[in-house]
Amino acid sequence: MNYDCKSYGYKKIKRKRLLPLIVVLFFLSFMRPVQASKDWFFYGTSQVIPLLTYEREYGILDASYCADYQVPEWFFEEKPENADTVMEEGNTEQEEAAQKEEKVETLADGTKGVAFTRKQLQKKDVLLSKIFSVDANTSMTKEELSLKNLLDKDLSIDGIKNSIGENGEKQYKILIYHTHGSEAFADSRKGKKEDTIIGVGTYLTQLLEEQYGIATYHDETVYDVVDGKLDRSYAYENAAANVKKILEKYPSIEVVIDLHRDGVDEELHLVTNVNGKETAKIMFLNGVSRSNMNGDITYLENPNKLDNLAFSFQMFLLGKQNYGDYVRKIYVRSLRYNLHLMPRATLIEAGAQNNTLQEEKNAMEPLAAILNEVLAPK
């Protein structure tokens, strides 16, 4: 049967109208690089309606990764000092040179640490190029980058060492748990909890208690396995519910650590040498509960955000000075990752899926020393 388009009300699209349409579609397709773990549709949706992507932001189903993101290649390279912001007017060459960090002797043999001066840390471009790596979906405010909030805050805890209650019971000061407790490593034995990130947390607990006298509670619950299957859809919600119960049971706890391992490309090996030991690198992750498109995410309110940032910041500076590239930049994202549960709360990524279990455990030794240095009164 012969259909006449005109009889059905259709009109041929003129070439002059078609060309602008093609240009617009081409621009929308290539204005933002497409990444394996976050396509353009997800990016647009998360900007406009963050709640719709809440579940995806809080975890993935791939056991190879500890979180719902993959670190981009640029994250591991040093940015130019004014890549994120323009230098203040009137800055001289001498002032620019003064921003370069000083190489110092460290506690790790054969490793050069980095010490920043207060003058350097007062510059926004130094903070954003040398210390923080801010996800494209969010931003940091002047308040969050203020040294008064980041560096001048005293995070030490009176009586943190060898704390005993009136009835002689141990007074826990630190809680270690694992939202993604199933995370394993290159040489982990299948089905062995001690070969997962939980086993690494056990070693950190032992170090804190035996070497530094800090009573530490280790929650070994696996929150990302449901009915025997990997399921991270509600891992953060499940972890939050149980952590709250632990904090109610042990009100002496003042520090909460969510210990993970990262997920990176297989050819990238996050390892350094600390005192002759092959040691996995660590990274602190913070959430600021803010979307660039919509501003503050009210359903993820975090009254402890500034303290969380200060905790990561002070540990980063100590790690950088004492152990060089053992610490990676502080990664800042748009959500909150249960960091609202405590002022001294932190999420730590130790190594990645291609580190060995021994490299991971070696990483806990400098981490325990850093925690002790920040938390113990001087």
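To the nearest 0.5 Å, atoms CD (Gln171) and CD1 (Ile160) are separated by 12.5 Å. Taken from CG in Leu371 to OG1 in Thr346, the straight-line distance is 8.5 Å, to the nearest 0.5 Å. Taking OG from Ser252 and CG from Leu247, the interatomic distance works out to 9.5 Å, rounded to the nearest 0.5 Å. The CG atom of Asn362 sits 10.0 Å away from the OH atom of Tyr326 when rounded to the nearest 0.5 Å. Between the OH atom of Tyr337 and the CG atom of Leu285 there is a distance of 6.0 Å, given to the nearest 0.5 Å. Asp307 CG to Leu155 CG: the interatomic distance, rounded to the nearest 0.5 Å, is 6.5 Å.
Here Lys277 pairs with Glu365 in a salt bridge; the nearest charged N to carboxylate O distance falls below 4.0 Å. Residues Arg118 and Asp152 are paired through a salt bridge, judged by an N-O separation under 4.0 Å between the basic side chain and the carboxylate. At a threshold of 4.0 Å, the pair Arg189-Glu194 counts as salt-bridged, since one of the basic side-chain nitrogens sits closer than that to a carboxylate oxygen.
Taking 4.5 Å as the limit, every side-chain heavy atom of Thr221 sits out of range of all side-chain heavy atoms of Tyr177. When side chains are defined from C-beta on, Glu144 counts as touching Leu306, because their heavy atoms get closer than 4.5 Å. Contact check for Lys378 versus Glu373: side-chain heavy atoms found under the 4.5 Å cut-off. Between Asn372 and Lys161 the shortest side-chain heavy-atom distance falls below 4.5 Å. Between Met283 and Lys329 there is no side-chain heavy-atom pair separated by less than 4.5 Å. Put simply, the side chain of Met364 reaches to within 4.5 Å of the side chain of Leu259, judged on heavy atoms. Between Val114 and Lys130 there is no side-chain heavy-atom pair separated by less than 4.5 Å. For the pair Ile214 and Ile157, the minimum side-chain heavy-atom distance is 4.5 Å or more.
Between the side chain of Asn354 and the main chain of Glu266, a donor-acceptor pair closer than 3.5 Å is present. Proximity of a side-chain donor or acceptor of Glu169 to a complementary backbone N or O of Asn167 within less than 3.5 Å is detected. Without hydrogens or angle criteria, Thr202 side chain to Ile198 main chain gives a donor-acceptor distance under 3.5 Å. Although no hydrogens or angles enter the test, the distance criterion places no donor-acceptor pair under 3.5 Å between the side chain of Asp224 and the main chain of Ala235. For Ser146 (side chain) and Lys142 (main-chain N/O), no donor-acceptor pair under 3.5 Å exists by modelled atom type. Checking side-chain atoms of Glu183 against main-chain N and O of Gln353 turns up no donor-acceptor pair under 3.5 Å. Of the possible donor and acceptor atoms, none in the side chain of Asn355 sits under 3.5 Å from a partner among the backbone N and O of Glu360. No donor-acceptor pair closer than 3.5 Å links the side chain of Asn238 to the backbone N or O of Arg232. Using a distance-only test at 3.5 Å, with no hydrogens or angles considered, no donor-acceptor pair links the side chain of Asp219 to the main chain of Leu175. Between the side chain of Asn292 and the backbone N or O of Thr138, at least one donor-acceptor pair lies under 3.5 Å.
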Derivation and outcome, side chain to side chain contact (heavy atoms under 4.5 Å, CB included), residues Leu121 and Ile131
CA-CA 9 Å; Leu121 296 175; Ile131 298 174; 3.4 Å; yes

Between Asn286 and Lys305, does the side chain to side chain donor-acceptor pair (under 3.5 Å) criterion hold? Intermediate values first, please.
CA-CA 8 Å; Asn286 282 86; Lys305 178 172 55 179; over 6 Å; no

Stepwise, does the side chain to side chain contact (heavy atoms under 4.5 Å, CB included) test hold for Leu335 with Ile297?
CA-CA 8 Å; Leu335 302 180; Ile297 305 175; 4.1 Å; yes

Is there a side chain to side chain contact (heavy atoms under 4.5 Å, CB included) between Leu151 and Phe116 once you walk through the steps?
CA-CA 12 Å; Leu151 187 60; Phe116 294 94; over 6 Å; no

Hey, mind stepping through His218 and Glu209 against side chain to side chain donor-acceptor pair (under 3.5 Å) and telling me if it holds?
CA-CA 11 Å; His218 186 205; Glu209 292 203 321; over 6 Å; no

Walk me through whether Tyr223 and Asn242 qualify under side chain to side chain donor-acceptor pair (under 3.5 Å).
CA-CA 10 Å; Tyr223 295 106; Asn242 197 46; 2.7 Å; yes

Could you go through the side chain to side chain donor-acceptor pair (under 3.5 Å) check for Gln122 and Gln120 one step at a time?
CA-CA 5 Å; Gln122 286 173 334; Gln120 292 165 349; over 6 Å; no

Could you walk me through whether His260 and Leu347 pass the side chain to side chain contact (heavy atoms under 4.5 Å, CB included) test, one step at a time?
CA-CA 7 Å; His260 292 246; Leu347 190 157; 3.7 Å; yes

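The same ILVMFWY cluster, assembled from side-chain heavy atoms under 4.5 Å apart, contains both Val255 and Leu208. By the rule that hydrophobic residues join a cluster once side-chain heavy atoms approach within less than 4.5 Å of another member, Val256 and Val222 end up as members of separate clusters. Leu317 and Val134 fall within the same hydrophobic cluster, where Ile, Leu, Val, Met, Phe, Trp and Tyr residues are linked whenever their side-chain heavy atoms come under 4.5 Å apart, directly or through other members. There is no path of hydrophobic side-chain contacts, each under 4.5 Å, that joins Val243 to Tyr236. Following chains of ILVMFWY side-chain contacts shorter than 4.5 Å, one cannot reach Ile176 starting from Ile253, and the two form parts of different hydrophobic clusters.
Nearest heavy atom pair, residue Leu375 against residue Arg344, reads CD2-CD, 3.8 Å. In this structure, Ser139 and Val288 approach most closely via the heavy-atom pair O-CG2, 3.7 Å. Residues Pro377 and Asp158 approach most closely at CG-OD1, 3.8 Å, considering heavy atoms. The minimum heavy-atom distance between Gly263 and Ala352, with the atom names listed, is N-CB, 4.5 Å. Heavy atoms only, all atoms of each residue included: Tyr331 and Ser133 are closest at CD1-O, 3.1 Å. When all heavy atoms of Thr196 and Leu357 are compared, the pair lying nearest together is O-CD1, 4.4 Å.
Open room surrounds NZ on Lys190; 12 or fewer heavy atoms of other groups in view lie less than 6.0 Å from it.
Between the side chains of Asn302 and Ser289, no donor N or O sits under 3.5 Å from an acceptor N or O.
Aromatic pair Phe284/Phe316: centroids not less than 6.0 angstrom apart.
Here Ser188 pairs with Ala184, Phe185, Asp195 under the side-chain contact (heavy atoms from CB on, under 4.5 Å) rule; sequence neighbours left out.
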